Structures are given as C-alpha cells and as structure tokens.
Amino acid sequence: MKLKGSEIICESLLREGVDVLFGHPGGAILPFYDALWSYPQLRHILVRHEQSAAHAADGYARVTGKPGVCVATSGPGATNLITGIMGAKADSVPMVAITGQVARAALGTEAFQECDICSIASVCTKRTYLVLSAADLARTIREAFQVAQEGRPGPVLIDVPRDVQLEEVEFEYPEADVARAAPPALSPEVLENVHKAATLINEAERPVIIAGHGIVHSGAYEELRQLAEATGIPVINTLLGLSGFPRNHPQSLGMLGMHGMYWCNMVVDQADVLIGLGMRFDDRVTGRVSGFAPHARIIHLDIEASQVGRIVPAEVPLVGDARPILQALIPLVKWAERPEWMAAIGYLKSEHPSLAIPSSDALMPQQVLAQLNEAIQQDDDAVVVTGVGQHQMWAAQYLFMNQPNSFVTSGGLGAMGFEVPAALGAQIGRPGSTVRSVAGDGGFQMTMQEQVTPLQEKLPIKIALFNNGYLGMVRQWQEMFFEGHIKEVPMPGPDYVKLANAYSIPAIRVEHQEDVADALRQAQDYDGPFLIEFVVEQETNVFPMVPPGGSLADTIEDPRTAMAAR
C-alpha cells in the first residue's frame, strides 16, 4: 500500500509493539502529528518540555524493558531531548528518539529551526539516522529498534525532514531477523571461563558479589538469588543495581560506593574474590581505582566486551548476557559457611551503623525516608523514581526495594529534573503500581511544569518533595572540600503547596516528625497525583562518604552517629 512517510512511521511503530510515546509538537514534525490522528492505538503523552519527553521515555523503558519512544520537532525541540538521551546512554536504557527536520532542500542553509541533530547526538546515542527518503523509513525504524535493544541497550535517534514525512511511497515492513533475535549459545571460551569462575568462587574465603544494572536488564533476578544462596556469598548492589536483589534478603548488604554503606565499602576492601555482575566499576563505585579491592581476584561479567577489565583488571572475564551465564555457573558452585568472614561482616554492621539517624529537633530527611520505607514494605507493587542529589542517596540507603526492577534513578549522567517526568513514564509503564517520585527542591524546579502532565493523563503519582532550600549536595561539597565557601547554592523556591494547587493537584506541607505518617497515608489514599512537601533540616550532609581522591577504605562516617555508636 502507498503511504506518506508520516504514516509509515506510525505503522512501523505499531509493528515494533509501541503503544505509547512522549512528545511535544512543532513545525518540522507536524506531518507526523497529523498522521497520529488516524492511529489512536498510539497513545501520545504531551509533555511541557522536550527534556521531559526523553526522561519519561527513559522511565517507561526501565520498568517495561521495552524501548521508550520520544518525539520532538527540529532545532530547539531536538536539542532539548539531548539531556534525556544522554542519560539513557549512560544508564544503558533502550530508547528511540524521533525528531523532525527542515525540508531536504533547506538542509545546510541555516534555515529556521534547522539543527544538525545527528552530529550533536552522535556521542549520546548508539546510532543516529538522517532519513532522506520515505522509502528508507520502515527499514530504518526496524533497524533502530534492533540497535536500541541488542547488546548493551541504549538510545537511537531518527531525524526525518518535513518533506520526507509528506512523501508517498509503497510501504512494506521488513521482517524481523529471527536469527539475531534468538539468544546465542555460550561460546566454548565463555564456558571455559565459567568453570574458572566457579573454581575461584569455591576456593574463596572472603568472597562478595557486586550486582549492577545488568542484572535488571537481563531479568536475572532469580539466577542472582540462586547463586547467592548456593554459595552463601553476600550481595552488594550498585546504585543502578538496587532492586536487582531483594534488600530484605539476609545476604543483602545494600549499596556500595561514594555514599554506600560503610560496611559494604569495607567488605569490598577486604574481599579476596569479587564477583562483578552487570556493572562497569565506574568511579562512584570504586573511588580511587588504585586502592580498589586490593586483595581481590576479580570475576567480571558484562554484556559489552569493551567494558570488561577496562577500569579494574579482571582475572576471569565473562562476556555476555548475565542470565544464561549465571545459569551455567550455578550448577558448578558450592555452598560454604565461611564463619570468620560472616562474623567480620556482622561486626562491621554493628560497629558502624550507617543507617542510624542523627538526633535533631528539625525534621530529618532520613526520618521521612525511614517512614516511607515502612509504607513500601506493605506494598508489593511499589516503584520509586528519584531525582539526583542528597535525597537520591538517602533514598538509595533507606528504601529497601524488594520487588524486581522497582528503583529508578539517573545514575551515570546524574540529571537533575529526572524525578517527575521519569515517574510519569514509569506510571504509564506500570499502571497498577504505586509510583512514588522522591524529589529534591533543586531538581524539582527544573521540570516542575510536568506536575500537570500526570493530572492530564490521570496518573496517580505520589511526589515526596524534600525542601531544604539548598542545592544540598553542592553545598555539602563546598562545606567539606572548599573551606566552607557556600556560594550560589541557597535556593529559595515558590510555595510548592500553592503551586501544586494551581495545577489542581492536592498538596500538603509537613514540618514535624509526628505528621509524616499521616501525610503519607493521605497521599496513598488519594486516587490521583498528590504532592507532599517535606520541609527538612537544611544543612544535613549525606554519610557515609568516600572523599574525592579517596579509596573505599577511606570512607567517612557521620561523626554524629559514629560517636553515639562508640
């Protein structure tokens, strides 16, 4: 059948299983929006800023495992997507971004709202496509979805000139490559290394597993649990690996790294075998690389060969998807008690209470999150989406996420403003779940216009806004490492309750500890979006903390709680 390019985009998206897209219209993408009129199967979510479209597609992709789709016009519309696209690249999230472009004859003329978005996005994506003929659209979209999902997932951008969207051609969608879709069998080399890994594990006296985002991507939750229980080895998570292993499991130790649990950092420092699963050993995990896990022989599993051994040398490389590799490894490992190792870990946890809450007359953010955690433990469908900053680290520490793939945050890029748009994408991806956005007042002000989007779409997102009147993490660094030069970080904001009410969203302000539980209940019981502004102690710092240039062994504890514990 003969279709316009804009219609071919719609038909192709349907054949890729797309049912929702996040976007904002404009001149160069108008033919596509006109075509949407005839495709009610494609639910379009109108965001108020294109950055939010990319973050929402990111949140949707993380909780569904399907590529998120975002749409923008040319020029500023396309460039506004870049932050969210780069965030997806950094965190290995499958995404397809579709942008309008000026007509072919105007390319290279600095026409109105012309921008070479493919060049700009080339370092933020796995691949970019400028489609110069409607006859190439179907093949390009088929390939883009394959690229976004294969290997290490990530974003792809398709740029389509306005006149290509209007061009009529014969439409035939290419068949999926069944051979590429089928998971490859483990190679003899990988199987040999699996046996080497099993030998190391079985001989280890002080082993530890570090599980990252790759466990979530692979869906290897059960395999990770079986490996841990078959060996008795404790499990530590990276920030993006949280909810890859149940936090309430007796072998779970929590998060490591710059703001990880003190005991997790010390366990890694003292381990003799370290099993890194689906993680990249990035700087926020390792601290100073030369001082990382100095006694450990390292097994490193990652789907991307270039990542294995790139930062930390690996004695046993395991390249491939985590799930089949763990399935091959589990029958080869043995359980061991390791009483001295487990006693040492128990001692670290008792002597260094990283989750102790400092005493204060003011409302402490840790107190709020501890009570929010109590509510989450009663909710089998809870999903938490955070922004970036101090509140993000406290959420990672205090929220015990036990359901698979239930903690969503911007890790590699650390994009402030992620919290609300990503939460609306997650809520659409999991309509039956309770999605809570844990936000900081700094990041919230970057995308707070998106409050109206969940109202428009009838999405019952619960926003927990932590208001300390600062860019808190930046203030903490200025206080600790820049001689207390507090510069340009106090951040007064609007009356958040009135602002939410202006969007017709119910909201309450909480300033006292005794009011937290009731506020959380009110939000939970309300059938729609709800905002709670928690006015918290202004100058509380996040601990534990690895100082800049320090190794995990240099982890700093909160002086207030450490002194009390002694």
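None of these values were measured; they are calculated from a predicted model. Position 1 is the first residue of the sequence, and the numbers go up from there.
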Exercise. Counting distance only, does the side-chain N/O of Ser354 pair as donor-acceptor with the main-chain N or O of Tyr262 below 3.5 Å?
Worked result: yes
Exercise. With distance as the sole criterion, is a donor-acceptor pair present between the side chains of Gln226 and Glu222 under 3.5 Å?
Worked result: yes
For this session: Say whether His300 and Gln307, considering side chains only, have a donor N or O and an acceptor N or O under 3.5 Å apart.
Result: no
Exercise. Say you draw a straight line from CD of Gln367 to CG of Leu372; how long is it, rounded to the nearest 0.5 Å?
Worked result: 13.5 Å
Seminar exercise, completed: Nearest heavy-atom approach of Ala271 to Val208 is CB-CG1, 3.8 Å
Exercise. Atom CD in Glu203, atom CZ in Arg297: separation rounded to 0.5 Å?
Worked result: 7.0 Å
Exercise. Short question: side chain of Asp91, backbone of Gly412 - any donor-acceptor pair under 3.5 Å?
Worked result: yes
Exercise. Just checking, any donor-acceptor pair under 3.5 angstrom between side chains of Arg247 and Gln377?
Worked result: no
Problem set entry | Residue pair Leu369, Phe466: steps toward the side chain to side chain contact (heavy atoms under 4.5 Å, CB included) verdict | CA-CA 10 Å; Leu369 286 161; Phe466 288 78; 3.8 Å; yes
Exercise. Does any non-hydrogen side-chain atom of Ile505 lie less than 4.5 Å from one of Ile463?
Worked result: no
Seminar exercise, completed: Nearest heavy-atom approach of Trp335 to Glu229 is CD1-O, 3.3 Å
Problem set entry | Charged N-O contact under 4.0 Å between Arg310 and Asp302 | no
For this session: Take Glu537 and Ser360 through the side chain to side chain donor-acceptor pair (under 3.5 Å) test and state the conclusion after the steps.
Result: CA-CA 8 Å; Glu537 204 280 327; Ser360 174; 5.6 Å; no
For this session: Look at the rings of His217 and His213 and say which category their plane angle falls in: under 30° parallel, 30 to 60° tilted, over 60° perpendicular.
Result: tilted
Exercise. Taking the inter-plane angle between the rings of Phe418 and His55 on a 0 to 90° scale, is it parallel (under 30°), tilted (30 to 60°) or perpendicular (over 60°)?
Worked result: perpendicular
For this session: Specify the closest pair of heavy atoms between Val333 and Asn202, including all atoms of both residues, with the distance to one decimal.
Result: CA-OD1, 3.3 Å
For this session: Verify side chain to side chain contact (heavy atoms under 4.5 Å, CB included) between Gln538 and Arg475, making sure each step is shown before the conclusion.
Result: CA-CA 10 Å; Gln538 286 196 303; Arg475 181 206 55 74; over 6 Å; no
Seminar exercise, completed: Rounded to the nearest 0.5 angstrom, the OG-CZ distance for Ser52 and Phe22 is 11.0 Å
Exercise. Do any N or O atoms from the side chain of Glu223 and from the backbone of Ile330 form a donor-acceptor pair under 3.5 angstrom?
Worked result: no
Problem set entry | side chain to side chain contact (heavy atoms under 4.5 Å, CB included) evaluation trace for Gln403 with Asp381 | CA-CA 7 Å; Gln403 297 304 313; Asp381 293 317; over 6 Å; no
Exercise. Looking only at heavy atoms, which two atoms of Pro358 and Gln366 are closest? And how far apart?
Worked result: CD-NE2, 3.8 Å
Problem set entry | Nearest-0.5 Å distance that lies between atom CZ in Arg338 and atom OG1 in Thr231 | 6.0 Å
Problem set entry | Heavy-atom side-chain proximity of Met480 to Met545 below 4.5 angstrom | yes
Problem set entry | Glu205 atom CD, neighbour heavy-atom count above 12 within 6.0 Å | no
Exercise. Looking just at side-chain N and O atoms, do Gln445 and Asp441 make a donor-acceptor pair shorter than 3.5 Å?
Worked result: no
Exercise. Any side-chain heavy atom of Leu256 sitting closer than 4.5 Å to one from Val267?
Worked result: no
Exercise. So do Leu253 and Met261 actually touch side chain to side chain, heavy atoms under 4.5 Å?
Worked result: no
Exercise. Looking only at heavy atoms, what is the nearest atom pair of Ala396 and Leu242, with distance?
Worked result: CB-CD1, 3.6 Å
Exercise. Where the side chain of Asn405 meets the backbone of Val216, is there a donor-acceptor pair that is under 3.5 Å apart?
Worked result: no
Exercise. Just wondering, are more than 12 heavy atoms of other shown residues or ligands nearer than 6.0 Å to CG in Asp525?
Worked result: yes
Exercise. Backbone N or O of Ala507 within a donor-acceptor pair of the Glu533 side chain at under 3.5 Å?
Worked result: no
Exercise. Nearest 0.5 Å, what's the OG1-CD distance between Thr434 and Gln427?
Worked result: 7.5 Å
For this session: Determine yes or no for a side-chain-to-main-chain donor-acceptor pair under 3.5 angstrom, with Gln390 supplying the side chain and Thr540 the backbone.
Result: yes
Problem set entry | Gln392 side chain near Leu239 side chain, heavy-atom distance below 4.5 Å | yes
Exercise. In Å, rounded to the nearest 0.5 Å, how long is the span from OG1 of Thr555 to CG of Asp269?
Worked result: 8.5 Å
For this session: Could you tell me if the ring centre of Phe481 sits under 6.0 Å from that of Trp477?
Result: yes
Exercise. Side chain of Asp272, backbone of Arg206: donor and acceptor closer than 3.5 Å?
Worked result: yes
Exercise. Judged by modelled atom types alone, do Glu450 and Tyr503 share a side-chain donor-acceptor pair under 3.5 Å?
Worked result: no
Exercise. Which residues pass the ring-ring contact (aromatic ring centres under 6.0 Å, His included) test with His259, sequence neighbours left out?
Worked result: none
Exercise. Thinking salt bridges, do Arg560 and Asp558 make one under a 4.0 Å N-O criterion?
Worked result: yes
Exercise. Does the Gln397 side chain pair with the main chain of Ala395, one donor and one acceptor, at a distance under 3.5 Å?
Worked result: no
Exercise. Between Ala228 and Val235, which heavy-atom pair has the shortest distance, and what is it?
Worked result: CB-CG2, 3.7 Å
Problem set entry | N/O donor-acceptor pair under 3.5 Å between Ser410 side chain and Ala415 backbone | yes
Exercise. Is the backbone of Tyr526 close enough, under 3.5 Å, to the side chain of Lys462 for a donor and an acceptor to pair up by distance?
Worked result: yes
Problem set entry | Step-by-step side chain to side chain contact (heavy atoms under 4.5 Å, CB included) determination, Phe245 to Ile209 | CA-CA 11 Å; Phe245 189 74; Ile209 294 169; over 6 Å; no
